[in-house]
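Data first, discussion second: the structure below is written as structure tokens.
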2 protein chains.
Amino acid sequence: MEARSKRTYNIPAEATIEVIGGKWKMLILCHLTYGPKRTSELKKAMPGITQKMLTQQLRELEDDGIIIRTVYNQVPPKVVYELSEIGESLSGVLDQLCEWGEAFIQGRLSRGRKEGSIRE
Amino acid sequence: MEARSKRTYNIPAEATIEVIGGKWKMLILCHLTYGPKRTSELKKAMPGITQKMLTQQLRELEDDGIIIRTVYNQVPPKVVYELSEIGESLSGVLDQLCEWGEAFIQGRLSRGRKEGSIRE
DNA sequence: CTGGATCCAGCAAGATACTG
DNA sequence: CAGTATCTTGCTGGATCCAG
């Protein structure tokens with residue numbers, strides 16, 4: 001798995017991207033900022049993701065020490081994911097992600113793609 | 001190309017991820033925060049990227065109105081990319097990205113992967 | 001010589017079914 | 001409910017070719 005060993009980065013942001021740059025990781029982490037969540041809860045929160053991808057991305061985040069995976073040995077099975085201390089330190093990034101998204105959606109709605117853009 | 005028309009998002013961050021979530025987009029944008037850059041400069045700044053991917057990601061960013069592409073009709077050819085106004089508004093996200101990356105690298109160096117993680 | 005497009009191979013992501 | 005295995009699909013990467 002080679003959990004991103006010490007590489008050399010051209011700019012620091014590359015390190016961040018290596019850790020949270022997976023296709024679904026930022027989204028997963030955003031949801032986890034609202035508190036610990038079970039696998040099924042995450043799946044519900046992200047209708048587009050498949051079980052495979054969810055498990056895979058969660059494993060990688062766990063390997064990088066961003067999230068903590070807790071297994072309850074019981075029936076039915078119960079697995080809870082939550083941000084680790086390092087993961088919590090990402091809140092700044094994740095908050096910005098959310099904030100900009102809101103602004104972008106608002107801006108798009110009000111201005112409604114004014115200039116050109118012919119497609120469709 | 002269907003430049004991300006108004007979809008419905010479960011959380012605002014999804015919008016951000018749709019726009020800057022491409023494999024190289026955040027990295028490209030990070031470099032552009034330091035000022036306008038030519039295609040060749042971006043390529044040099046990102047040794048891992050191919051011309052094709054660079055062009056493709058730049059086009060998508062342009063279609064989304066994040067960056068501005070300026071072509072100088074001259075020989076040799078010269079194409080310059082820079083952040084648009086909307087792109088500039090991403091500086092908060094991009095700065096956080098860089099900052100966290102620095103902290104992460106530092107943390108890893110000082111603590112040096114204390115717990116487990118055998119590889120290499 | 002720079003920037004970009006095309007073609008094909010390889011790998012990661014999507015979908016579904018199955019196990020504990 | 002959580003995770004694995006398998007197959008299919010589509011994107012990424014590399015080389016090559018084209019336009020200015």
Side-chain angles (χ1 to χ4, degrees), chain A residues 1-4 7 10 14 17-29 31-32 35-64 66-83 119, chain B residues 1-4 7 10 14 17-29 31-32 35-64 66-82:
Chain A
M1 196 135 295
E2 175 64 46
R4 3 212 149 287
R7 274 190 36 202
N10 298 286
E14 288 185 28
I17 295 171
E18 274 223 342
V19 175
I20 67 170
K23 187 159 190 178
W24 297 93
K25 288 178 184 170
M26 289 190 292
L27 196 45
I28 292 173
L29 293 173
H31 284 293
L32 288 182
K37 287 217 167 8
R38 299 185 54 172
T39 309
S40 55
E41 292 179 300
L42 286 172
K43 215 181 306 180
K44 262 179 292 185
M46 298 177 284
I49 200 173
T50 61
Q51 300 88 328
K52 190 181 74 168
M53 272 290 102
L54 181 57
T55 306
Q56 183 177 310
Q57 303 278 295
L58 285 168
R59 284 261 189 265
E60 293 181 13
L61 288 171
E62 189 192 0
D63 288 339
D64 282 327
I66 310 297
I67 62 174
I68 298 171
R69 179 172 181 264
T70 309
V71 183
Y72 296 84
N73 279 325
Q74 61 182 44
V75 181
K78 181 179 172 184
V79 180
V80 173
Y81 296 93
E82 62 186 314
L83 294 178
R119 33 195 145 279
Chain B
M1 196 132 296
E2 175 63 45
R4 5 209 147 291
R7 274 190 36 203
N10 299 284
E14 288 186 26
I17 295 171
E18 274 222 340
V19 176
I20 68 170
K23 186 159 191 181
W24 297 94
K25 287 178 185 171
M26 289 190 293
L27 196 45
I28 292 172
L29 293 173
H31 285 292
L32 288 182
K37 288 216 168 6
R38 299 185 53 173
T39 310
S40 55
E41 292 179 301
L42 286 172
K43 216 184 301 181
K44 264 178 293 187
M46 297 177 283
I49 200 174
T50 61
Q51 301 87 330
K52 192 182 72 169
M53 270 291 102
L54 181 57
T55 306
Q56 183 177 311
Q57 303 278 291
L58 285 169
R59 283 263 188 262
E60 293 182 13
L61 288 171
E62 190 193 359
D63 288 339
D64 283 328
I66 309 298
I67 62 176
I68 298 171
R69 178 173 181 262
T70 308
V71 182
Y72 296 84
N73 279 325
Q74 61 182 45
V75 181
K78 181 179 172 185
V79 180
V80 173
Y81 295 94
E82 63 187 312

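Keep in mind that this is a model prediction, so the values were computed, not measured. Note on naming: letters A, B, ... go to the chains in the order of the sequence lines (proteins, then strands), and numbering restarts at 1 for each one.
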Tell me whether the side-chain N/O atoms of [X] come closer than 4.0 Å to OP1 or OP2 in [N].
X        : N       : answer
Gln74(B) : dG20(D) : no
Tyr81(B) : dG3(C)  : no
Thr55(B) : dA5(C)  : no
Arg59(B) : dG3(C)  : no
Arg38(A) : dC1(D)  : no

Distance, nearest 0.5 Å, that separates [atom1] of [X] from [atom2] of [Y]:
X        : Y        : atom1 : atom2 : answer
Glu60(A) : Lys25(A) : CD    : NZ    : 3.5 Å
Met26(B) : Glu14(A) : CE    : CD    : 11.0 Å
Leu29(A) : Leu58(A) : CG    : CG    : 9.0 Å
Leu83(A) : Leu32(A) : CG    : CG    : 5.0 Å
Leu42(A) : Leu54(A) : CG    : CG    : 5.5 Å

Spacing between [X] atom [atom1] and [N] atom [atom2], to the nearest angstrom:
X        : N       : atom1 : atom2 : answer
Asn73(B) : dG3(C)  : CG    : C1'   : 12 Å
Leu58(A) : dC1(D)  : CG    : C1'   : 14 Å
Met46(B) : dG13(D) : CE    : C1'   : 15 Å
Glu60(B) : dA5(C)  : CD    : P     : 12 Å
Glu41(B) : dG3(C)  : CD    : P     : 9 Å
Leu54(B) : dG3(C)  : CG    : P     : 9 Å
Glu62(B) : dG4(C)  : CD    : P     : 10 Å
Leu42(A) : dA2(D)  : CG    : P     : 9 Å

(request) Check each of Thr70(A), Ile68(A), Thr39(A) against Tyr81(A) using the side-chain contact (heavy atoms from CB on, under 4.5 Å) test, and report the only one that passes. (result) Thr39(A)

(message) Regarding Arg59(B) and Glu62(B), does a basic nitrogen lie under 4.0 Å from an acidic carboxylate oxygen?
(response) yes

(request) Answer with base, sugar-phosphate or nothing: what part of the nucleic acid does Val79(A) contact at a heavy-atom distance below 4.0 Å? (result) sugar-phosphate

(message) For nucleotides 14-20 of chain C, give me one character per nucleotide, 5' to 3': B if any protein heavy atom sits under 4.0 Å from the base, S if the only such contacts are to the sugar-phosphate, - if neither.
(response) BBB---B

(message) Heavy-atom nearest nucleotide on DNA chain D for Ser40(A) versus Pro76(B): which residue maps closer to 5'?
(response) Ser40(A)

